[in-house]
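The structure under discussion appears below in the form of C-alpha cells.
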Amino acid sequence: MNPSNYSVISFPALGIELNPPRGFSIGPLYIHFYGVIIACGLILAVVYACRRSREAGLTEDSLLDGVLWITPFSIVCARAYYCVFSWPMYRNNPISVLYIWEGGLAIYGAVLGAAVGVIVFCKIKKCSLPALLDLVSLGFLIGQFIGRWGNFFNREAFGAATDAVTRMGLFNTVTGVTEYYHPTFLYESVWNLAGFLLLHFLSRKKQYDGQIALGYCAWYGLGRAFIEGLRMDSLYWGPFRVSQLLAAGSCAVAVAVLLVQAFRPHDAARLAVNRTAVKAAEAAEDITEAEKAPEAEETAETTEAEEAAQNEEAAPSDPENT
C-alpha cells in the first residue's frame, strides 16, 4: 500500500467525502500539511506547558529554553527509532536516513528522546524531574491528538480492511476502486484527546509529582496496544510489533507503580507547585522587609531627633544666666 496512490477520503457512516491536498507551494518551496499540523500541535503543547510552568518550579523563559533544544533531540530520536526498525529500507542507501522530509518518524522514539532530554534539562536547571514529566506528558497528549491529523492528509497510518461503521474509504487511483480501512489515526487522536481531558483535570488534584506522567504511560500505552494491533504499517522486531510490545509493557509497569503509590501516604507540601509557592512567598516577604528597612531607619532617626528636642526643653536653666 502506497499512500501516494490514494486520493478521495470518505466516511460513509457520516456521509463525508473529500480530497484534501497533501500540502501547498510557496514559490519553489512545497509545504506538507503533515509538517504544518505537527508544528501546530507542538505550539499548542508549549503554550499549555508555559501556562503551567510554575507548577514544575520553572519560569516560562526557562521552559522555552528547554523546548528549543529538547525538540530537535526528540525529532532525531523519532527518526532513529523508525530507521532502526525499518533498516532494510535504508540499507542500500544509508544516507537516505537523513531524508526526513520523505517521512518516517516514530512517536515512541520521540517520547523516549524527549524523556532523556527532560532528564538532562532537569539536571542543568535543578528542577523537579517528576513534576516536569507531568507537564511534558500533558503536552505530549496535545501534540499527539492534533499531530495524528497529519496522517489524514498523507493518507497513511490506517488499519486493516474493514466494513465496520467506523470505516474510512480511500480511493485507489491505480485500481480505480475505493478501499475501506480502520482509520486508526482517528482512533488514536480521539483516545489522546480523551486522555488529555481526563489527566488535565486530575492533575489539579494529584497527590505526588510524577502521578500524571504515570497516568500518561498507562492511558496511552493501553490505547496504543490495541490500536497498533489494527495497523498495517507497524514496525516489527521479529514476529512482534515493536510499538505494541512497548505500549503494553509501559502500561503494565505504570499501572503497577500507580497501584503501589495508591497505598502510600503522600505529603502535599512536597509537591513542586507547593514548594514553589512557599519559595515565592518567602521571596515576597524578603522584598517587603527590605522595602520597610529604610522607612524604619528614617522613623527611628525622626524619633531620636524629637526625643533630643524634648530633652533640651525640659533641661533646668543655668543659674549664672538668671
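Just so it is clear, the values below take in all heavy atoms, side chains as well, and ignore hydrogens, waters and symmetry mates. This structure is a prediction, so every number in the text was calculated from the model and none was measured.
Among residues at least two apart or in separate chains, ring pair (Phe, Tyr, Trp, His ring centres under 6.0 Å) pairs with a member in residues 32-57 are F24-F33, Y30-H32, F33-F153, Y48-F196, Y48-H200. Under the salt bridge (Lys or Arg N to Asp or Glu O under 4.0 Å) criterion, no residue pair touches residues 24-36, with sequence neighbours excluded. Judged as a salt bridge (Lys or Arg N to Asp or Glu O under 4.0 Å), not a single pair has a partner in residues 262-274 (not counting sequence neighbours).
Under the 3.5 Å distance criterion, with hydrogens and angles disregarded, a donor-acceptor pair is assigned to the side chains of T166 and Y187. Side chains of S53 and E60: a donor-acceptor N/O pair is absent below 3.5 angstrom, by distance only. A donor and an acceptor atom, one from each side chain of R231 and S243, are nowhere located under 3.5 Å apart. If you check the side chains of S74 and T71, you find no donor sitting under 3.5 Å from an acceptor.
Between W237 and F85, the distance from one ring center to the other does not fall under 6.0 angstrom. Residues F240 and Y236 place their aromatic rings such that the two centres sit no closer than 6.0 Å.
A ring-ring contact (aromatic ring centres under 6.0 Å, His included) with F185 is found for exactly one of W191, F158, F152, namely F152.
Residues R204 and E55 are paired through a salt bridge, judged by an N-O separation under 4.0 Å between the basic side chain and the carboxylate. One finds a salt bridge joining E188 and R148 here, because a Lys/Arg side-chain nitrogen approaches an Asp/Glu carboxylate oxygen to under 4.0 Å.
From T184, atom OG1 reaches atom CG of L230 across 7.0 Å, with rounding to the nearest 0.5 Å. In this structure, the separation between OH on Y90 and CG on N93 is 10.5 Å, given to the nearest 0.5 Å. Note that CG of D134 is 11.5 Å distant from CG of L202, once rounded to the nearest 0.5 Å.
The two residues A157 and D233 make their nearest non-hydrogen contact at CA-OD2, 3.5 Å. The heavy-atom pair separating L64 from C50 by the smallest distance is CD2-SG, 3.8 Å. Between P3 and E156 the shortest heavy-atom distance is CG-CB, 4.2 Å. The nearest pair of heavy atoms linking A254 to A218 is CB-N, 3.7 Å.
V47 and I212 are members of different hydrophobic clusters when ILVMFWY side chains are connected at heavy-atom separations under 4.5 Å. Side-chain heavy atoms closer than 4.5 Å link hydrophobic residues (I, L, V, M, F, W, Y) into clusters, and following such links, possibly through other members, connects L44 to V190. By the criterion of side-chain heavy atoms lying less than 4.5 angstrom apart, applied directly or through intervening Ile, Leu, Val, Met, Phe, Trp or Tyr residues, V76 is not grouped with M89; the two fall into different hydrophobic clusters. Linking Ile, Leu, Val, Met, Phe, Trp and Tyr whenever their side-chain heavy atoms come within less than 4.5 Å puts L186 and L141 in one cluster. Under the 4.5 Å side-chain heavy-atom criterion for grouping Ile, Leu, Val, Met, Phe, Trp and Tyr, L198 is connected to Y220 within one hydrophobic cluster.
Judged by the 6.0 Å and 45° rule, R155 forms no cation-pi pair with Y6.
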Identify all side-chain donor-acceptor contacts of residues 107-117 below 3.5 Å with residues at least two apart in sequence or on another chain.
none

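In this structure, the side-chain contact (heavy atoms from CB on, under 4.5 Å) partners of L197, at least two apart in sequence or on a different chain, are L193. Looking at residues two or more places apart in sequence or on another chain, you find a side-chain contact (heavy atoms from CB on, under 4.5 Å) between I16 and F11, L14, L18.
For N19, the CG atom sits in a packed shell: over 12 heavy atoms of surrounding residues, nucleotides or ligands are nearer than 6.0 Å.
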